[in-house]
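Numbered from 1 within each chain, the chains take letters A, B, ... in sequence-line order.
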Amino acid sequence: MADSASLSGYEKQRLANMAANRRVLESLGLGGGGHGGSFVPSSKKLKTPIKKKRARPAASPADNGGSYQSACRTSPRLRQSSEGALLPLGKTDSMLPWPQERTPEKVEKPPDTFGEVPGFPVGSFWEMRAECCADLVHRATVAGIVGTPESGCYSIVLNGGYADDVDDGELLTYTGSGGRSLKGTAANPKNLRTGPATHDQTLDGKEGRYNAALYKSHETRQPVRVVRGYKLDSQWAPLGVDFGGEANYRYDGLYTVERAWLGMGLEGFRVWKFALKRQPGQPELMRERVEED
DNA sequence: GGGCCCGCAGGG
DNA sequence: CCCTGCGGGCCC
């Protein structure tokens with residue numbers, strides 16, 4: 001670790017924000033770092049992809065007629081059926097409710113629900129967000145938060161979108177959405193999916209609806225499904241298929257929203273922050289990475 | 001690495 | 001129709 005004098009203002013602020021986030025998590029009962037979790041192999045996080053390019057199977061709607069098929073796989077430790085028989089790769093005895101075949105027509109989706117999605121237990125994983133979306137575990141292809149201000153939040157994806165979020169596995173902090181200009185300028189109009197922060201996040205309106213969903217969950221204490229992505233800088237994140245792992249996105253179980261507060265983001269605007277705690281009685285988290293340095 | 005484009009789901 | 005967003009691919 002470099003001495004603090006050599007750190008940029010941004011990096012100092014990042015560390016300060018992370019320290020503040022950790023204090024929130026510590027107030028929820030667990031000391032920071034190193035607890036729980038089954039320690040799976042010691043594959044270091046690679047700095048560069050193993051292969052420059054992977055041949056990705058038809059994975060865009062244009063390639064398969066307008067819809068994503070289910071491409072969920074189940075982790076090796078879950079790959080045995082309840083009877084103990086080894087199942088064919090990629091199949092579990094409970095993996096049935098969602099189409100196994102390609103579905104050219106738009107599929108009518110049932111309303112979203114709280115809690116585990118039948119057929120997709122803790123440890124289920126995917127290569128792409130769209131597949132996770134098709135399986136109804138996180139019903140958005142890009143957005144990190146799914147839910148409504150009225151019902152609450154059904155699911156979130158942790159994928160390193162905010163550099164000062166803290167992930168201790170059982171406890172984590174998560175930053176809300178909004179506060180960005182995605183339209184570009186009149187002279188140079190864009191249609192961005194993300195962009196630099198330009199204003200404070202809010203709980204209001206369509207821009208704040210996802211924050212309001214998490215805030216509602218803080219009140220209702222309904223469980224939130226948590227999916228971790230490979231871009232998350234955490235020992236609890238999946239390695240990523242380009243880095244020697246088998247998952248890019250992994251369902252890690254149900255969490256409750258324990259805290260909700262307005263904080264200062266790294267880009268100089270207010271952001272909504274949430275602290276989540278994993279519900280007890282679930283399979284242990286997988287730890288595919290060694291300690292980050 | 002960064003920049004840019006555009007598909008998609010979901011909600012107003 | 002419009003808008004949002006922790007994608008993914010491509011180019012440089």
Side-chain angles (χ1 to χ4, degrees), chain A residues 47-49 52-69 71 103 106-112 126-167 172-185 188-199 201-214 224-234 237-238 240-242 248-250 252 265-267 271-274 276:
Chain A
K47 301 296 184 196
T48 54
K52 290 240 189 284
K53 281 220 190 259
R54 290 182 78 257
R56 295 182 188 275
S60 93
D63 294 334
N64 69 10
S67 185
Y68 285 92
Q69 66 180 122
T103 50
K106 286 282 182 188
V107 179
E108 194 75 22
K109 293 184 177 181
D112 210 339
W126 303 264
E127 187 170 333
M128 298 217 228
R129 281 282 303 267
E131 299 157 351
C132 177
C133 175
D135 287 337
L136 306 185
V137 173
H138 184 77
R139 303 164 69 132
T141 55
V142 177
I145 305 168
V146 167
T148 70
E150 295 75 29
S151 302
C153 174
Y154 299 104
S155 55
I156 60 174
V157 175
L158 280 60
N159 207 16
Y162 291 82
D164 52 355
D165 276 328
V166 168
D167 179 22
L172 61 92
T173 65
Y174 193 79
T175 303
S177 60
R180 307 176 184 280
S181 173
L182 305 175
K183 298 189 238 193
T185 63
N188 189 19
K190 305 281 185 192
N191 185 13
L192 303 171
R193 302 296 177 269
T194 186
T198 56
H199 52 283
Q201 290 187 3
T202 172
L203 295 178
D204 306 317
K206 60 184 166 190
E207 202 185 321
R209 65 188 145 158
Y210 298 129
N211 302 337
L214 275 164
V224 175
R225 292 185 295 272
V226 167
V227 172
R228 282 186 175 83
Y230 68 102
K231 285 183 276 187
L232 179 65
D233 184 15
S234 159
V241 296
D242 288 343
N248 278 341
Y249 300 96
R250 186 188 63 216
D252 277 349
L266 277 178
E267 296 176 85
V271 293
W272 276 94
K273 303 288 294 186
F274 304 91
L276 282 78

Report the nucleotide, chosen from [options], that has the shortest atom-to-atom distance to any side-chain atom of [X].
X: A/K190; options: B/dG10, C/dC6, B/dC4; answer: B/dC4
X: A/K231; options: C/dC6, B/dA9, C/dG7; answer: C/dG7
X: A/M128; options: B/dA9, C/dC6, C/dG9; answer: C/dG9

Are the side chain of [X] and the backbone N or O of [Y] linked by a donor-acceptor pair below 3.5 Å?
X: A/D165; Y: A/L172; result: no
X: A/T141; Y: A/A130; result: no
X: A/R225; Y: A/H138; result: no
X: A/S155; Y: A/V226; result: no

Expressed as a whole number of angstroms, how long is the span from [X]:[atom1] to [N]:[atom2]?
X: A/R129; N: B/dA9; atom1: CZ; atom2: C1'; answer: 10 Å
X: A/E150; N: B/dG12; atom1: CD; atom2: C1'; answer: 11 Å
X: A/L214; N: C/dG5; atom1: CG; atom2: C1'; answer: 14 Å
X: A/N191; N: C/dC3; atom1: CG; atom2: P; answer: 9 Å
X: A/H138; N: B/dG10; atom1: NE2; atom2: P; answer: 10 Å

- prompt: Looking for any heavy atom pair under 4.0 Å, which part of the strands does A/G229 touch: base, sugar-phosphate only, or nothing?
  reply: nothing
- Message: Within the 4.0 Å heavy-atom criterion, would you say A/Y154 contacts the bases, only the backbone, or no part of the nucleic acid?
- Response: nothing
Here the residues of residues 139-146 of chain A within 4.0 Å heavy-atom distance, strictly under, of DNA chain B are A/R139, A/T141, A/V142
Below 4.0 Å: OP1/OP2 of C/dG7 and any side-chain N or O of A/Y230: no
Check: Under 4.0 Å between a side-chain N or O of A/K206 and OP1 or OP2 of B/dG10?
Finding: no
Comparing A/P149 with A/L192, nearest DNA chain B nucleotide closer to 5' gives the residue A/L192
*4.5 Å side-chain heavy-atom contact, A/D164 and A/K273*: yes
P gap between C/dC10 and B/dC8, integer Å = 15 Å
Query raised in the report: Run the salt bridge (Lys or Arg N to Asp or Glu O under 4.0 Å) check on A/R180 and A/E267 step by step: do they pass?
Result: CA-CA 10 Å; A/R180 307 176 184 280; A/E267 296 176 85; 3.6 Å; yes
Symbol by symbol from the 5' end, with Watson-Crick or G-U pairs under 3.5 Å, [ ] crossing and | another strand, DNA chain B is ||||||.|||||
